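Computed from a prediction, not measured in an experiment: that's the story for all the values here. Just so we're on the same page: letters track the sequence lines, and every chain starts at 1.
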There are 2 protein chains.
Amino acid sequence: MTSTVSKDYLKNLKNKILSYTEVDEDLLNHWLGYYKRIDVKKGDTLISPGQMVEHFYYVAKGCIYYYKLEEGEQKVLEFYTEDIFFTDLPAYVKETPSDYYLKASENTIVYAISKSDGENSFKKSHQLERFGRLSMQEAFMKIFTRVERLSNRTNEERYLRLLEKRPDLLQRVPQYLIASYLGLTPVGLSKIRKRISISQQS
Amino acid sequence: MTSTVSKDYLKNLKNKILSYTEVDEDLLNHWLGYYKRIDVKKGDTLISPGQMVEHFYYVAKGCIYYYKLEEGEQKVLEFYTEDIFFTDLPAYVKETPSDYYLKASENTIVYAISKSDGENSFKKSHQLERFGRLSMQEAFMKIFTRVERLSNRTNEERYLRLLEKRPDLLQRVPQYLIASYLGLTPVGLSKIRKRISISQQS
DNA sequence: TTATTTTATTAAACTGGTTTAATCAGTTTC
DNA sequence: GAAACTGATTAAACCAGTTTAATAAAATAA
């Protein structure tokens, strides 16, 4: 039973990869074979500060949030939900201890591939290297639009946009994490919500 | 004479590429052959809104700034100076008209490779594809640290950091562009500078 | 179910920026 | 060398956020 479900997630991962570029069936299956499933319970951490980051991850189900402690304050950089790749890239690339937490905000299933398996495969296969490039390019573009909005939009606009683009997030994640993600205090976000609710009625 | 100078810049570009990954001499020379030099005079635009972005660029000399007009205001996203790659990636990737300007803040020399030449070479060569992936990864990490600072640092800290990391920029670029890059008005930046100068004396 | 803890809202005082407009200093242009 | 621009500073009024602290509401545990 569990193995059936597990197989479904690998199917999603497979489709995700194929959405970037063509990869031969055998090669792709071999690649998928490197992934191991990790179940992360709500509140558990996948990575904490000081740890090395030796894997690249894929969220099959659930939500992982990526944050750091800055003078005792949680600073959320990103939420990773279903069907997206993630890792702590700075630590992963530089092979230095992480400064971040990767924590599950709900019961979560991720698939992990080790850096050595990943890099070796990239070296051996042009197709996989290409997948690596294109997925990195997509990641760049996503973070780019974020910088764009950070410099062009007000906090209220960014909140409304989040509400529109990722409506699920506000259901599954506490509001103070959303506030942190938006670069606000919980108090500040509450004021914005109030302002919106007032301007909407009437 | 000009051709000698020109050759030097290609040498820099060559070394830049080799800093990411090994590429066979012949292949690399063939790749370099696709680049054409473009001289951009101070104040000239390489790209403006509405244009298609069909090249990936390398700054050999000078400074290109990347901005958009938002309600008549210049919003600067980045300054590209010597030995760095750039393009308007969203437009380049999606093949849609640009929303941005790429303008020279001083007389500038860039090298440009067309998207078709670039993509074809990536398809044909695993080594070049790898270069593409690793340079994209580096670009991601740079913009990532920027998002990190946008959420963790004050405007004053970001100004001081820019002063430290890219001291040349404040000499070669007018202050109101720096202000925009930092997400401030010229007035705001002036106040910050005043605050700093006061706290430094005594 | 009640008690406890966690999360969200509200209020009041404050702060680091904005906007607008005036002034000042350097550069260009003629 | 005066006139006309461009860029930087200053001042005053303003505003969207913060901080701190109290309260309310919701979730969790006993």
Under 3.5 Å, which donor-acceptor pairs link side chains of residues 85-95 of chain B to any protein atom two or more places apart or in another chain?
| unit_1 | atom_1 | unit_2 | atom_2 | d |
| --- | --- | --- | --- | --- |
| B/Thr87 | OG1 | B/His55 | O | 2.7 |
| B/Asp88 | OD1 | B/Tyr66 | OH | 2.4 |
| B/Asp88 | OD2 | B/Ser98 | OG | 2.6 |
| B/Glu95 | OE2 | B/Lys115 | NZ | 2.9 |

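- Of the side-chain N and O atoms in A/Arg193, one or more sit less than 4.0 angstrom from OP1 or OP2 of C/dT9.
- Nucleic acid contact class of A/Leu189 (heavy atoms, under 4.0 Å, all strands): none.
- In this structure, B/Lys191 reaches the bases: a heavy-atom distance under 4.0 Å links it to at least one base atom across the strands shown.
- Atom CG of A/Leu177 is separated from atom C1' of C/dT6 by 12 Å (rounded to the nearest Å).
- Aromatic pair A/Phe140/B/Phe140: centroids not less than 6.0 angstrom apart.
- Chain B approaches DNA chain D over the interval D/dG7 to D/dA11, counting the first and last nucleotide 5' to 3' with an atom under 4.0 Å from its heavy atoms.
- Taking the side chain of A/Ser190 as heavy atoms from C-beta on, and the options C/dT7, C/dG17, C/dT9, the nearest nucleotide is C/dT9.
- B/Asn155 places its CG atom 8 Å from the C1' atom of C/dG17, with the value rounded to the nearest Å.
- Put simply, CZ on B/Arg153 is 18 Å from C1' on C/dG16, counting in whole angstrom units.
- Looking at the side chain of B/Leu184, the nearest of the listed nucleotides C/dT19, C/dG17, C/dT10 is C/dG17.
- Judged purely by distance below 3.5 Å, without hydrogens or angles, the side chains of B/Glu148 and B/Thr145 never pair a donor atom with an acceptor atom.
- For C/dT6, neither phosphate oxygen OP1 nor OP2 lies less than 4.0 angstrom from any side-chain nitrogen or oxygen of A/Gln175.
- Within the structure, a side-chain polar atom (N or O) of B/Arg195 is placed less than 4.0 Å from OP1 or OP2 of C/dG17.
- Counted by atom type alone, A/Glu138 and A/Tyr20 present one or more donor-acceptor pairs between their side chains at under 3.5 Å.
- Classified by interplanar angle (parallel below 30°, tilted 30° to 60°, perpendicular above 60°), the ring pair A/His30/A/Tyr34 is perpendicular.
- Under the 3.5 Å distance criterion, with hydrogens and angles disregarded, a donor-acceptor pair is assigned to the side chains of A/Thr81 and A/Arg166.
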